[in-house]
Amino acid sequence: MEKDFFKMVYEVVKLVPKGRVTSYGAIANYLGSKSSSRVVGYAMNASHKIKPKVPAHRVVNRIGLLSGKKHFETPFQMEELLMKEKIVIKNDKVIDFKKIFWDPQKELKF
DNA sequence: GTAATGACCTTGG
DNA sequence: ACCAAGGCCATTA
C-alpha cells in the first residue's frame with residue numbers, strides 16, 4: 001500500500017552505481033521531500049521483505065555511517081558487500097564518503 | 001481507532 | 001560552536 005514513495009526509493013537505490021553510496025537525505029531530497037528522510041530509512045527497513053531486494057548496503061546516513069548494518073541478516077554483510085564494491089570501511093564508516101557519494105539529484109539531475 | 005516508533009535530516013536557540 | 005526540537009510516511013502494538 002502506498003508504496004509509491006518506497007518504490008521511488010527502491011528505484012533510486014537500485015540505480016546506484018557499483019562502488020558508490022548514497023544517503024537517505026539525498027534520496028528524500030531527490031524525491032522532493034528532504035524531511036522525508038525517515039521514510040527512506042523505513043523503506044530500507046522493508047527492503048529485505050520486498051520482491052526485488054535493493055542494495056541497501058549502498059545506502060548510509062549523511063555522515064557515511066552504516067546505521068542500518070544491524071538490520072541486515074548479518075552486520076558483516078553490509079561491510080562485506082561494501083568492501084566488495086571496493087569501498088573502504090573503517091569503524092562502520094565509509095572512507096572518502098564524499099568521493100564515492102552518489103547524489104541522484106546531482107548525478108541524475110532529473 | 002489512536003498512539004508510538006523507526007536504517008534520518010534540517011533548522012532554530 | 002553546541003544542544004534541542006520538529007517533520008515526514010508507513011508499520012506495528
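The shown structure was predicted, so the numbers you read here are calculated from the model rather than taken from an experiment. Throughout, a chain's letter reflects where its sequence line sits, starting with A, and its residues are numbered from 1. No hydrogens, no waters, no symmetry mates; every other heavy atom, side chains included, goes into these values.
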Spell out yes or no: do the side chain of A:Ser37 and the base of B:dC8 have one donor N/O and one acceptor N/O closer than 3.5 Å?
yes
What does A:Ala43 touch in the nucleic acid at a heavy-atom separation under 4.0 angstrom: a base, only the sugar-phosphate, or nothing?
nothing
Please report, rounded to the nearest Å, how far the [atom2] atom of [N] is from the [atom1] atom of [X].
X	N	atom1	atom2	result
A:Asn29	B:dT11	CG	P	10 Å
A:Phe5	B:dC9	CZ	P	14 Å
A:Leu65	B:dA7	CG	P	12 Å
A:His48	B:dA7	NE2	P	12 Å
A:Gln105	B:dC9	CD	C1'	15 Å
A:Leu31	C:dA10	CG	P	12 Å
A:Glu73	B:dA7	CD	P	17 Å
A:Ile27	C:dC8	CD1	P	19 Å

What string of B, S and - do you get for nucleotides 1-6 of chain B, 5' to 3', when a contact is any protein heavy atom under 4.0 Å?
-----B
Minimum-distance nucleotide (side-chain atoms of [X] versus [options]):
X	options	value
A:Lys49	C:dT12, C:dC8, B:dA7	C:dT12
A:Ser67	C:dC8, B:dC9, B:dC8	B:dC8
A:Asn61	C:dT12, B:dA7, B:dC9	B:dC9

Just by distance, do the side chain of A:Tyr10 and the backbone of A:Met44 share a donor-acceptor pair under 3.5 Å?
no
Any donor-acceptor N/O pair, A:Thr22 side chain to A:Val59 backbone, under 3.5 Å
no
Which residues share a salt bridge (Lys or Arg N to Asp or Glu O under 4.0 Å) with A:Glu85, sequence neighbours left out
A:Arg58
Please, which pairs that meet salt bridge (charged side-chain N to carboxylate O under 4.0 Å, His left out) have at least one residue in residues 61-70 of chain A, sequence neighbours excluded?
A:Lys69-A:Asp92
For A:Phe97, which residues count as a ring pair (Phe, Tyr, Trp, His ring centres under 6.0 Å) partner, sequence neighbours excluded?
A:Phe101
Sequence-distant partners of A:Lys93, side-chain contact (heavy atoms from CB on, under 4.5 Å), two or more places apart
A:Leu65, A:Asn91
Set of residues satisfying side-chain contact (heavy atoms from CB on, under 4.5 Å) with respect to A:Phe72, sequence neighbours excluded
A:Ala56, A:His57, A:Gln77, A:Met78
If the C1' atom of C:dG7 is compared with that of B:dA4, how far apart are they to the nearest Å?
15 Å
Distance check, P atoms only: C:dA5 and B:dT5, in whole angstrom units.
15 Å
